[in-house]
A.B. asks: 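If you scroll down you'll find the structure; I have some questions about it.
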2 protein chains.
Amino acid sequence: MAQGSTAVPEPARRPRGRPPKAPHALDEGNRRQELLRGAARLFRHKGFAATTTRDIAAAAGMQSGSPFYHFESKAALLFAVMEQGMRAALQNQAQALQAALAKPPEVLLRTLVRTHFDVLLGPGSDFIPVMLYEWRSLTPAQRAGIASLQRDYEAAWAAALDALCTAGRIGADARVARLMFLGALNWSVQWYKPRPGASLDELTDQAMLLFLPDNSRRTA
Amino acid sequence: MAQGSTAVPEPARRPRGRPPKAPHALDEGNRRQELLRGAARLFRHKGFAATTTRDIAAAAGMQSGSPFYHFESKAALLFAVMEQGMRAALQNQAQALQAALAKPPEVLLRTLVRTHFDVLLGPGSDFIPVMLYEWRSLTPAQRAGIASLQRDYEAAWAAALDALCTAGRIGADARVARLMFLGALNWSVQWYKPRPGASLDELTDQAMLLFLPDNSRRTA
DNA sequence: CCTACCGATCGGTAGG
DNA sequence: CCTACCGATCGGTAGG
């Protein structure tokens, strides 16, 4: 553009060097996703404060300053990881609950447990663990946003557990039962290693046996 | 000492300024303890990586470089916090178990739960939460040391839970039951706030009701 | 235990 | 999205 006619002749074609990676205009969302996935994995394993934006850039094959083209700040990246994790979890939960809509609370609870283990320990599940263990790294405003999503997620649990408490199947107070139950499951992030003979189905069986000993054989 | 006789006359006495704080020689251990307590509190609330050695120094009323007179490095401080926390917890546990030595496993378990809540949520209880939530900040060598203390601590739990599994009072696998049980308790760090009507005794009642619904009324 | 300081690293930005 | 860079901060140290 506006190049003088006396410009030096250019090499014209240069097939060496890296090929122009996927020339689609919609790749921007793709790069953003790569940053989120890398950030989730790094935040989970090293923690938010110990992860540098350079680590995250490198995980997505970028230079050190480039993440800031996609995200305002490191804090915004953390929030985006948690928000995306919670939205995906809510979607999983809603889908699973549709299949168990009018079923007894035992079946409802089992569905929730199985879905929760998926979100927590399944493939590509770094987002929710980050949310569980980096809460303190959020600003108060960010916390409010995530807390609102968490309330939605826990509403289904409260319903199932309330029913079981009322029916006398659970002895403790409903709120404490929910907190301890979810705590028991969430803690699995610390010790669960996928291996033959320890599938998420079997883990679900164990959790149900522990909390509802009488009639927890698979009901579906 | 070795002062020349022609030294300029000194102001001799100067009652202003801070008084010479406790001139005992054994204060060194005291200062070290102050650093540990401050570090535990800061590590717990801000995380290890987000806590600066300057924060810790300030919490103990020292200058920025002074913690390194007492500890080799920031990492050594973290390890010392966890180690001291675990040794205190083991001592508490052993003492509580003496009073429940030949009792049935339900009583044993209740004793362990109550002691655990004390260590986890009682006054001055920042050390164990740091251990629970900063595991990844340890070096592999440090981890081995803490893991050994944890094995000792969990041995008593394994004994009580094995007995309850054998007796059919707990349905799940003994190992998974232990992990989920401790997870449910450990998670309380995230939500428990001391307030009237939510004492650690009552929390213990709730935990026993949830996991051993039949006969969990206080037995002692 | 303080003073003064160092080298390294970090989140973020300007300009293209 | 890269290049080049900045100011601030951090863990740690020398010397007293």
Side-chain angles (χ1 to χ4, degrees), chain A residues 1-3 14 17-39 42-43 46-81 134 137-139 142, chain B residues 1-3 14 17-39 42-43 46-81 134 137-139 142:
Chain A
M1 186 189 282
Q3 188 132 25
R14 199 175 45 141
R18 36 172 128 137
K21 25 174 135 167
H24 295 98
L26 287 180
D27 262 12
E28 277 190 22
N30 239 316
R31 305 295 287 151
R32 192 186 142 98
Q33 262 310 114
E34 283 176 51
L35 279 170
L36 280 176
R37 270 200 299 272
L42 287 162
F43 288 161
K46 308 178 52 168
F48 174 73
T51 299
T52 71
T53 57
R54 283 163 172 81
D55 291 336
I56 298 168
M62 295 177 182
Q63 296 301 317
S64 70
S66 302
F68 298 98
Y69 172 76
H70 296 276
F71 294 92
E72 261 192 26
S73 63
K74 191 187 173 189
L77 244 165
L78 177 64
F79 181 78
V81 164
E134 290 295 342
S137 301
L138 293 174
T139 67
Q142 292 177 319
Chain B
M1 187 189 282
Q3 187 131 27
R14 200 174 44 140
R18 39 174 126 134
K21 27 175 134 167
H24 294 100
L26 288 180
D27 263 11
E28 276 189 24
N30 240 315
R31 305 295 287 150
R32 193 187 142 97
Q33 263 309 114
E34 283 175 50
L35 279 170
L36 280 176
R37 269 201 300 272
L42 287 161
F43 289 161
K46 307 180 50 169
F48 174 72
T51 300
T52 71
T53 56
R54 283 164 171 81
D55 291 336
I56 298 168
M62 296 177 181
Q63 297 300 318
S64 68
S66 302
F68 298 97
Y69 172 78
H70 296 276
F71 294 92
E72 262 192 26
S73 62
K74 192 187 173 189
L77 244 166
L78 177 63
F79 181 79
V81 164
E134 289 296 341
S137 302
L138 294 175
T139 67
Q142 291 176 320

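Here is the naming used below: chain letters follow the sequence lines, and residue numbers restart at 1 for every chain.
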A.B. asks: Let me know the distance between CG of B:Leu35 and P of C:dC2, rounded to the nearest Å.
C.D. replies: 10 Å
A.B. asks: Quick check on D:dC1: is either OP1 or OP2 less than 4.0 Å from any side-chain nitrogen or oxygen of A:Gln63?
C.D. replies: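 For A:Gln63, the contact criterion (side-chain N or O under 4.0 Å from OP1 or OP2 of D:dC1) is not met.
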A.B. asks: Please determine which of B:Thr52, B:Asp55, B:Thr51 meets the side-chain hydrogen bond (donor to acceptor under 3.5 Å, both in side chains) test together with B:Lys46.
C.D. replies: B:Asp55
A.B. asks: Which heavy atom of A:His70 sits nearest to which heavy atom of A:Arg32, and what is that distance?
C.D. replies: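 Closest pair (atom of A:His70, atom of A:Arg32, distance): O-NH1, 3.8 Å.
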A.B. asks: Produce a footprint string for nucleotides 10-16 of chain D: one letter per nucleotide, 5' end first; B if the base is under 4.0 Å from any protein heavy atom, S if only the sugar-phosphate is, - if neither.
C.D. replies: BBBB---
A.B. asks: Does DNA chain D take part in any stems of at least 3 consecutive Watson-Crick or G-U pairs (both distances under 3.5 Å), and if so, which ones?
C.D. replies: C:1-16 with D:1-16
A.B. asks: Atom CE of B:Met62 to atom P of C:dC1: distance rounded to whole Å?
C.D. replies: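 Taking CE of B:Met62 and P of C:dC1, I get 4 Å after rounding.
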A.B. asks: Nearest 0.5 Å, what's the CG-CG distance between B:Leu42 and B:Leu35?
C.D. replies: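 Going from the CG atom of B:Leu42 to the CG atom of B:Leu35 covers 10.5 Å.
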A.B. asks: Send over the distance from B:His70 NE2 to C:dC2 C1', rounded to a whole Å.
C.D. replies: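 Nearest whole value for this atom pair: 12 Å.
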A.B. asks: Rounded to the nearest 0.5 Å, how far does OH of B:Tyr69 lie from CE of B:Met62?
C.D. replies: 10.0 Å
A.B. asks: Going by an N to O cut-off under 4.0 Å, is there a salt bridge joining A:Glu34 and A:Arg37?
C.D. replies: no
A.B. asks: Is A:Phe71 close to A:Leu36 at the side-chain level, that is, under 4.5 Å between some pair of heavy atoms?
C.D. replies: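 The answer is yes, as the side chains (C-beta and beyond) meet within the 4.5 Å cut-off.
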A.B. asks: After noting the C-alpha distance and the side-chain angles of A:Thr139 and A:Phe79, does the key distance pass the side-chain contact (heavy atoms from CB on, under 4.5 Å) rule?
C.D. replies: CA-CA 9 Å; A:Thr139 67; A:Phe79 181 78; over 6 Å; no
A.B. asks: Can you check whether B:Ala75's main-chain N or O pairs, donor with acceptor, with B:Gln142's side chain at less than 3.5 Å?
C.D. replies: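 Yes, the answer is positive, given that a donor and an acceptor are paired below the 3.5 Å cut-off.
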